[in-house]
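Notes follow once the structure below has been shown.
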Amino acid sequence: MRGLQAKARGAALGAGLLALTGPVAHAAPARAAMPSYYTAAQAERGAAAYQQFCAVCHGADLGGAFDVPPLVGRFAANWAGAPLGELFDYMAKAMPLFAPGTLTPAQNADLLAFVLRENGAPAGSRELPAIAVGMKGMFFPKMTSASVK
């Protein structure tokens, strides 16, 4: 019987404190910062390479065409969480469409940096490596609608 009375008193005390202080606010879990895998200078080099090698098919605004996929928007959603090395390897082997495999590893890394930037990923202090194995542990960021242009 005493146990029930003690529990009732504790509940009443808790309710009284809640009435005085309001609901207990719980801090929202901290969101992990979006990783940065490239530098701003690397993305700028990638922008120039994009205009030279990629814009003819993917469009100046990366929006694609009726038979060529865009490199922004749903592209980011499709690649979200995928290893960057896979995208780098695909680009190195299959692009540009009119001359696959002709770009240097550095050009492909710069292009990938540009695509990351255009999809809202932030620049950092280290360049994206120009080799897929150097991208181990790097993944295409999951973009929010606010981060995608």
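Hydrogens, waters and symmetry mates are skipped; everything else that's a heavy atom, side chains included, is used.
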Look at the rings of Phe75 and Phe140 and say which category their plane angle falls in: under 30° parallel, 30 to 60° tilted, over 60° perpendicular.
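Phe75 and Phe140: perpendicular rings.
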Contact summary for [X] and [Y], nearest pair of heavy atoms:
{"X": "Pro141", "Y": "Ala121", "value": "CG-CB, 4.1 Å"}
{"X": "Pro105", "Y": "Ala130", "value": "CB-O, 3.2 Å"}
{"X": "Gly73", "Y": "Asn119", "value": "N-OD1, 3.4 Å"}
{"X": "Ala132", "Y": "Asp89", "value": "CB-OD1, 3.3 Å"}
{"X": "Asp61", "Y": "Gly63", "value": "OD1-N, 2.9 Å"}

Is there a side-chain contact between [X] and [Y] in this structure, where contact means two heavy atoms from C-beta onward sitting under 4.5 Å apart?
{"X": "Pro129", "Y": "Met138", "answer": "yes"}
{"X": "Leu62", "Y": "Phe114", "answer": "yes"}
{"X": "Pro83", "Y": "Met135", "answer": "no"}
{"X": "Arg126", "Y": "Ser36", "answer": "no"}
{"X": "Leu128", "Y": "Gln42", "answer": "yes"}

Atom [atom1] of [X] and atom [atom2] of [Y]: how far apart are they, to the nearest 0.5 Å?
{"X": "Phe53", "Y": "Asn108", "atom1": "CZ", "atom2": "CG", "value": "9.5 Å"}
{"X": "Thr39", "Y": "Arg117", "atom1": "OG1", "atom2": "CZ", "value": "10.5 Å"}
{"X": "Met95", "Y": "Thr102", "atom1": "CE", "atom2": "OG1", "value": "11.0 Å"}
{"X": "Asp110", "Y": "Glu127", "atom1": "CG", "atom2": "CD", "value": "6.5 Å"}
{"X": "Gln107", "Y": "Gln52", "atom1": "CD", "atom2": "CD", "value": "7.5 Å"}

Linking I/L/V/M/F/W/Y whenever their side-chain heavy atoms sit closer than 4.5 Å, directly or via other members, would Met91 and Ile131 fall into one cluster?
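No; Ile131 is not reachable from Met91 via cluster members.
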Are Glu86 and Trp79 close enough, and set up right, to give a side-chain contact (heavy atoms from CB on, under 4.5 Å), and what steps lead you there?
CA-CA 10 Å; Glu86 285 183 17; Trp79 279 93; 4.3 Å; yes
Determine, stepwise, if the pair Leu112 / Tyr38 fulfils side-chain contact (heavy atoms from CB on, under 4.5 Å).
CA-CA 9 Å; Leu112 183 50; Tyr38 67 92; over 6 Å; no
Residue of the set Leu111, Leu87, Leu84 for which side chain to side chain contact (heavy atoms under 4.5 Å, CB included) holds with Leu116
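Answer to the side chain to side chain contact (heavy atoms under 4.5 Å, CB included) test with Leu116 among Leu111, Leu87, Leu84: Leu84.
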